[in-house]
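Inspection log for the structure reproduced underneath, given as structure tokens.
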Amino acid sequence: VGKHASNNYTAKNGEWLDGKRADVLLIPTTVTSESLPPILIEIQNVVDKPYMHRLSKYCNNIYDENNNIEPIALTICIKNVGPDSIDNDNNNDNDSNNDNDSNNDNDSNNDNDSNNDNDTIINSKPLPPLAAVGYVLIEQKCPLFGLEYKKDPTVILLYQIAKEALDHQIQDHNSTVERLIDGATETKKAIQEDTGGV
């Protein structure tokens, strides 16, 4: 939306008379406008055609309730996108027209891309907050150090919140690894003793 939208949104109940309910619906604290449109956020395991129809209904409801302003819809897909959710007819022409260009570009850029990946991650600007939320949900990594964007401030904050909320349910990762290593070491010693050190 832009920097002008900072602190200008509030959460609203996204439930309608037809029984449909949105995951997160953000509405401007001032008047809804093209520069401050409603924002719909959906977290979905699988994005398929029934979900796309449902999302369209959500957007229509939001459009009708907010001065005919089209909402921004963000879907965070956790697992996979079903093939029936993509309109292949619209993409065929683009794919065929871009095949040659993309092949040529890939050949020339592959080396540069692979060499610059780490530099891009290290030197990149912080992720936008919503992008960071989507990134963490999609990656589903338990330890923070398993993430490429582990130094991103929003990613770190999300992990801190999750740790505080679930601290009583989660065993300390390092102590678990140490116990596994100790167990493996003891097992190795026992096997060596049984086999005479062979």
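On a predicted model such as this, the values are computed, not experimentally measured, just so you know.
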Just how far is it from atom [atom1] of [X] to atom [atom2] of [Y], taken to the nearest 0.5 Å?
X   : Y   : atom1 : atom2 : result
N61 : L17 : CG    : CG    : 8.5 Å
N66 : I69 : CG    : CD1   : 8.0 Å
T32 : E70 : OG1   : CD    : 13.5 Å
H53 : K57 : NE2   : NZ    : 8.5 Å
Q44 : M52 : CD    : CE    : 10.0 Å

message: Among I41, T10, N8, I72, which residue satisfies the side-chain contact (heavy atoms from CB on, under 4.5 Å) criterion with L26?
response: I41

For residues [X] and [Y], determine if any side-chain heavy atom of one lies less than 4.5 Å from a side-chain heavy atom of the other.
X    : Y    : result
L55  : L40  : yes
K20  : Y58  : yes
K150 : I156 : no
E65  : K12  : yes
V133 : L158 : yes
P126 : P153 : yes
I39  : P71  : no

message: Restricting to non-hydrogen atoms, name the atom on Y159 and the atom on V136 that form the minimum distance, rounded to 0.1 Å.
response: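 Scanning both residues completely, I find the closest heavy atoms to be CE1-CG1, 4.0 Å.
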
query: Shortest non-hydrogen contact from N45 to C77?
result: O-SG, 3.9 Å

Short question: side chain of [X], backbone of [Y] - any donor-acceptor pair under 3.5 Å?
X    : Y    : answer
E42  : T75  : no
Y149 : L127 : no
D23  : I43  : yes
T185 : I181 : yes
D48  : Y51  : yes

message: Is it true that, when you exclude E15 itself, more than 12 heavy atoms of the residues, nucleotides or ligands shown sit nearer than 6.0 Å to its CD?
response: yes

message: Before you tell me yes or no, could you show the steps for I27 and L25 under side-chain contact (heavy atoms from CB on, under 4.5 Å), namely the whole-Å CA-CA distance, both residues' side-chain angles and the distance that decides it to 0.1 Å?
response: CA-CA 7 Å; I27 300 295; L25 177 59; 4.1 Å; yes

query: Taking atom types as modelled and ignoring hydrogens, do the side chains of Y135 and T154 form a donor-acceptor contact shorter than 3.5 angstrom?
result: no

